[in-house]
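Here's the structure, in structure tokens; my notes come after.
Note that the structure is predicted; figures quoted are calculated from it, not measured. What's counted below: heavy atoms across the whole structure, side chains too, no hydrogens, waters or symmetry copies.
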Amino acid sequence: MIGPVIEGFIALFVIMDPLGVIPLYLPLVSGMDDKERNHTVYLATGFATVLLIVFLFGGGLIFEYLQIRLEHIMVAGGVVLVLLGFEAMFGGEGTAMKRDSSIAIVPVGMPFMAGPGSIATVLLLMAANGTVVTIISIALVMAVQFFIYLWATKIVRFAGKNGLKVMANIAAVAAASFGIQLMINGFRGIF
Amino acid sequence: MVLDELLSMIDIAAFIEVFIPLFIIINPLAILPNFIELTQRLDKKQRGSVSFRTSASAFILLCIFVFIGRPVLGLIGVSTAAFMMACGILVLYISLGMLSGDPPVTRNVEFDRISVVPMSIPLLAGPGAIATTIVLEGTYGKPLVLFSLVITMVLSKVMLDYYRQIVRVMGKNGLNAWIRLSALFFAAIAVNLITKGILEIGW
């Protein structure tokens, strides 16, 4: 059982790529005080975990009744990322995406912490390893993500305003690129 | 007795396949924050009146589309595909707004005391609901869709009336989470509508 759990953990960790996502996340929370930032991380982690569990148990039903497929979520997630890229590059302090803890769910919870790739991976792991193993893997990887995001905010304090701007620009390009790629992959699956 | 007869007339599986998408896309839970804000200075009786008018007018609008939606589209020369794509693009725009916490629907609207328009249209009966209704009517027929609409709107009124309990159970964060989660699903549905339209045109 340990083997599959670790397998699942690694698969999820790679696809979630928290270290790679942090630069996208930091500009969004730069304007918050510590309390609000931590609150955001709590909410995001909770939401992402619930989202994965919901898809784990109900993925089939969701896809069937709403007549959507993973590819559609991929395109939608891609659009969100591209818009985020715009935000991060051109946005100042007061842009369309509100900089309060309501961002915890989107985009931090999804697609940062638990994106369409994670959802797909969860479904695959379910089929390969079974429910219990997958749930444990999810719990482990979300716990790790939680701490990474929580401690990332310490970087905010050291980075300073300019450091964050640089990160934001790089992150913007990365987000937009990932977004477009996600959309392309999604479209490929649809057409 | 009557229930048995009724149930045997309705194909339960098909009903679920119609009801669930409709209920999700109409999404009465997402209306709650607007409803609460809009009716904060009203008393219970007035609030009941607003909730009734909201759900009733949304119901009537969707019924109109059930009955004359397809024919009218044919008449004005708009293909179902084009209509689906248009609705899809609108839903995508709305859902992206919902995701970033600033729904375009409620941005430029002035709420007055007994206003029903911003709430039932286009919140409850928006482009997504209209598109879904027409698509479902084409596949499953009028009776099932009408029946599902009745149930959905009755449930909507109930949910609006019992907003206090719902908020207590879900909490402000829970409601927010639901709105954003459903916005994500809406975005996916929008993509589905748009791509279905493209496929139908046959690019």
Side-chain angles (χ1 to χ4, degrees), chain A residues 28 39-40 42-44 46-48 50-51 54-55 58 61-84 86-87 91 94-111 114-116 119 183 186-191, chain B residues 13-25 27 33 84 88-89 91-93 95-104 107 128 131-132 135-136 139 171-199 201-203:
Chain A
L28 285 181
H39 186 53
T40 305
Y42 295 146
L43 278 183
F47 176 75
V50 167
L51 184 73
V54 163
F55 271 97
L61 286 175
I62 293 176
F63 291 134
E64 187 186 325
Y65 282 120
L66 294 184
Q67 289 215 317
I68 57 182
R69 290 149 51 189
L70 191 68
E71 286 81 3
H72 297 126
I73 301 190
M74 284 168 79
V75 174
V79 173
V80 172
L81 278 178
V82 171
L83 286 178
L84 210 73
F86 271 89
E87 273 281 327
T95 38
M97 203 166 281
K98 295 210 192 104
R99 302 295 175 88
D100 57 23
S101 62
S102 65
I103 67 162
I105 292 155
V106 171
V108 184
M110 148 86 201
I119 295 176
M183 286 170 69
F187 281 132
R188 269 212 208 111
I190 296 176
F191 293 119
Chain B
F15 167 69
I16 296 186
E17 277 165 31
V18 172
F19 174 70
I20 292 193
L22 265 182
F23 190 77
I24 297 283
I25 200 117
N27 202 4
M84 283 203 292
I89 295 176
V91 173
L92 189 64
Y93 183 68
S95 61
L96 290 175
M98 277 170 83
L99 285 176
S100 58
D102 184 21
R107 233 184 267 149
T132 308
V135 169
L136 285 173
T139 316
K172 203 178 118 192
N173 281 326
L175 211 53
N176 193 17
W178 172 254
I179 291 180
R180 297 208 157 188
L181 180 66
S182 49
L184 180 68
F185 286 132
F186 280 18
I189 292 174
V191 172
N192 189 20
L193 283 173
I194 297 175
T195 51
K196 266 217 306 223
I198 294 180
L199 283 172
I201 302 180
W203 267 3

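- Taking CG from B/L184 and CG from A/L51, the interatomic distance works out to 7.0 Å, rounded to the nearest 0.5 Å.
- The contact between B/I16 and chain A is made by backbone and side chain atoms together, counting heavy-atom distances below 4.5 Å.
- Under the 4.5 Å side-chain criterion, counting only non-hydrogen atoms from C-beta, A/I190 is not in contact with B/I198.
- At a threshold of 4.5 Å between non-hydrogen side-chain atoms, the residues A/Y65 and B/I24 do not count as touching.
- In this structure the side chain of B/T195 reaches within 4.5 angstrom of the side chain of A/H72, judged on heavy atoms.
- Contact record, A/L66 with B/P21: CD2-CA, 4.2 Å, taken as the closest heavy-atom pair.
- The shortest heavy-atom contact between B/A187 and A/A76 is CB-CB, 3.6 Å.
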